[in-house]
Amino acid sequence: MTGDNDITKDEIGTLTEEGAIAFLASKWVEGIGEVYARRLVDRFGTDAVRILAEEPEKAESVEGLGKTRVETAAKSLKNIPYPADLLAFLFSCGLSDMEIGKIFGKYRKRTRDIVTKDPYGMVEDVWRFTFFSADKIGRQLNIPKDDERRLKGALLTAVKRYAEDGHLFATPEQAVALAATIAKVEPEKVKEAVKPLVESGRLVESRGGLYLPVFYKAEKDGAAKLKELASTAVEYFPKERVPLVSEEGHEYSPAQLDALEMALNSPVSVLTGGPGSGKTTVLKGVIEAMEKEGKKVVVAAPTGRAAKRAANLTGADATTIHRLLGYRQGEGYHTKAIDADMLIIDEGSMMEQVLFDHLLQALRPGTRVILVGDVDQLPAIGAGDVLRDLIASGSVPVARLSENFRQGEGSMIAAGAKSINSGEVPLSAPDRDFMIVEEETVKGIHDRIISLMTEELPASHGIAPHEIQVVTPQQIGPLGARQLNIDLQARLNPEGPALRRGATIMRLGDPVMQTANSRERGVYNGEVGRIVKVNTEGQKLTVEFSDGNQSEYSRSELSELVLAYATTVHKLQGSEVKYMIFPVTMAHKPMLYRNLLYTGVSRATDLCVLVGEEEALRYAVSNSPDSTRNSNFKYRLRVS
């Protein structure tokens, strides 16, 4: 063999026998499989890869292989688009097929150079490629433990870890301490790698933090653009033109009127408050007033589910921020200028810094911006704390609404959410809209959830089981969303036409949730529907979503859906449900935070049932650790 697929022993190093077996048994080599791969390596050792490629006739002597299988394998080796020796080496390092695919997908013809010169640089470039995978390569290349390349990789990993936890930066002390733990070296060694990373621009040092460049840019540029927007005067809206009564005949409260006037006359403003505090009523008034003046209002939200809810509540067209910005997977954002006189961003607590920066850059000065949300709910999954920072900066006017309108006077859901947010165990009553059902074991909680959903609530409240949503803190475990979905399906919908993909069965009548945005379908991540048709012969099913939109899925597309008898609090955020069952157990201790419980409870409008241990409930309401994220956004907004 010659060219890219020449099997050589220089540059990289010696293959391991297990690595040679893994490579020969992988998708890259046709016709071999693990059994024959082991036979080849038993006969030829690590030279089996070269033998198969360059002297295939020798491989024909291995029991069971035969001429046809060997020819197929040798031909596939020649057709591999990447150097076979490099592939085999990466398998020898213990990397997975998926990791290897990511590396070649990122670097292509530069892969050999990157792998051999600085494998630790891949933690910066390759999506979800860890330091520990890079270290497997490093060990095979005999890179010393205190090598600068390795220390840099550990530092980059440490700063990335902080970003994955929602922080825009790590302090040098935090980054060095974590990197030393990751690399298992003394902190003093790691400190030496900070300066060269900063000098090369791979990290940015600013205002006491070490940033990945993408987050530094988003914070700095976003603050500059927001100050520009906030300092640009907008057309004054006289008080006499602020409506006292909505088009639906609702008389605004004094606090709502103040919020209306603020939003209409401020270039940038924030509207915040708990569930049902009247935020939507104010927004509807703002939209009505602007449209009467012939102004264009655009409503957007971070997720498809939140956008749909905003549209339903306000009566205005609403879209996701990604769609508003013309985002395309792998291509980035195509919309450079948003045509609007006012932009309303709903569910602002879910807003991450990088997305917010892209949105701000597409706005022209003179566009009014209103950020709406509840700062006590769960923060954004991505890095940054935009809503909280904006309020804390004091750089824009803020309207805080506190009166509860959603569930009506005397609602125990509203009172319960307020108690939880104050760190108190909420009161409940068996015949009211907020109930606490005590069970002391995981099995007891599990069985009671099934009973409540299938028998108790339908009998006592006249609620159909399919109207009830189980909401849980996490995906895994016997009380996680995955297992509860399986068990609830088995109880509520055990028979009928279905499609199977892996371990998942999707049956006619099952509630399902979309897990990815799909522009083609007009369906977004988090939207819930029901399977209304199953074609077992054609291996397709049809889902009808809450807005009446129907979409067909082939069996190979079922990965876009999950069962939705149960879902997580994070998936529910930005929407609401009428009837909710929520397990509270010490088995979910790592997730039992006050803001998570508050967020879950506040999503229920007509009935909320907490099922579980008193100890877990008390722990959750008292567990409110400092959730402050490393961010300089509020300080940059203050600097004139």
Side-chain angles (χ1 to χ4, degrees), residues 234-321 324 338 340-351 367-375 377 387 396-409 411 414 546-547 574-578 602-603 605-606:
V234 294
E235 182 183 345
Y236 179 65
F237 211 101
K239 192 161 188 174
E240 58 269 18
R241 280 160 50 200
V242 177
L244 301 177
V245 180
S246 72
E247 289 183 351
E248 298 171 347
H250 170 82
E251 186 174 337
Y252 299 115
S253 70
Q256 288 174 327
L257 279 172
D258 288 343
L260 266 166
E261 189 175 355
M262 175 204 74
L264 290 168
N265 284 308
S266 302
V268 180
S269 60
V270 172
L271 178 61
T272 187
S277 59
K279 297 189 297 293
T280 300
T281 300
V282 171
L283 290 184
K284 289 173 76 173
V286 168
I287 294 168
E288 289 169 9
M290 288 289 288
E291 290 181 342
K292 279 183 180 178
E293 298 293 317
K295 305 296 186 183
K296 182 177 179 180
V297 180
V298 172
V299 181
T303 67
R305 197 167 180 177
K308 280 282 180 75
R309 176 174 174 268
N312 292 338
L313 291 176
T314 64
D317 290 335
T319 184
T320 64
I321 295 169
L324 182 64
I338 295 171
D341 296 297
M342 172 180 281
L343 173 66
I344 296 172
I345 307 166
D346 200 16
E347 296 297 340
S349 64
M350 301 171 71
M351 177 67 71
T367 303
R368 294 173 174 84
V369 179
I370 308 174
L371 199 64
V372 187
D374 181 355
V375 291
Q377 289 194 29
L387 182 62
V396 299
V398 178
R400 292 179 173 85
L401 302 178
S402 56
E403 185 177 354
N404 191 286
F405 298 98
R406 177 186 289 173
Q407 294 103 348
E409 190 175 347
S411 165
S546 56
D547 60 358
S575 61
E576 59 190 28
V577 295
K578 290 186 73 174
S602 66
R603 299 298 86 197
T605 61
D606 289 37

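- Heavy atoms only, all atoms of each residue included: A301 and A307 are closest at CB-N, 3.6 Å.
- When all heavy atoms of E347 and A306 are compared, the closest pair comes out as CG-CB, 3.8 Å.
- In this structure, the side-chain contact (heavy atoms from CB on, under 4.5 Å) partners of V375, at least two apart in sequence or on a different chain, are T272, L387, I391.
- Expressed to the nearest 0.5 Å, how far CG of D346 lies from CG of L283 amounts to 6.5 Å.
- The NZ atom of K284 lies 11.5 Å from the CD atom of Q256; values are rounded to the nearest 0.5 Å.
- Heavy-atom contacts from other residues, nucleotides or ligands closer than 6.0 Å to CG of N312 number more than 12.
- The ring pair (Phe, Tyr, Trp, His ring centres under 6.0 Å) check on Y252 picks up H250, with sequence neighbours excluded.
- Under the salt bridge (charged side-chain N to carboxylate O under 4.0 Å, His left out) criterion, K295 pairs with E235, sequence neighbours left out.
- The CE atom of M342 lies 8.5 Å from the CD1 atom of I287; values are rounded to the nearest 0.5 Å.
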Subject >> Residues L264, V286; criterion side-chain contact (heavy atoms from CB on, under 4.5 Å); working and verdict >> reply: CA-CA 7 Å; L264 290 168; V286 168; 4.1 Å; yes
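- For D341, the salt bridge (charged side-chain N to carboxylate O under 4.0 Å, His left out) partners are R364, not counting sequence neighbours.
- Taking every heavy atom of both residues into account, V298 and A340 meet most closely at CG2-CB, 3.6 Å.
- In plain terms, the two heavy atoms of V282 and A259 that are nearest each other are CG1-CB, 4.0 Å.
- Between Q377 and S349, the shortest heavy-atom distance links the atoms CB-OG, 4.3 Å.
- Applying the side chain to side chain donor-acceptor pair (under 3.5 Å) test to residues at least two apart or on different chains, none of the pairs has a partner in residues 260-269.
- One distance of note links CG of L313 with NZ of K308; it measures 13.5 Å at 0.5 Å rounding.
- The structure places CE of M350 at 12.5 Å from CG of D374, a figure rounded to the nearest 0.5 Å.
- In terms of heavy atoms, K578 sits closest to T605 at CA-OG1, 3.3 Å.
- When the salt bridge (charged side-chain N to carboxylate O under 4.0 Å, His left out) test is applied to E293, the partners found at least two apart in sequence or on another chain are R241.
- With a 4.5 Å cut-off on side-chain heavy atoms, P243 and E288 do not count as touching.
- The CG atom of L343 sits 7.5 Å away from atom CD1 of I321, with the distance rounded to the nearest 0.5 Å.
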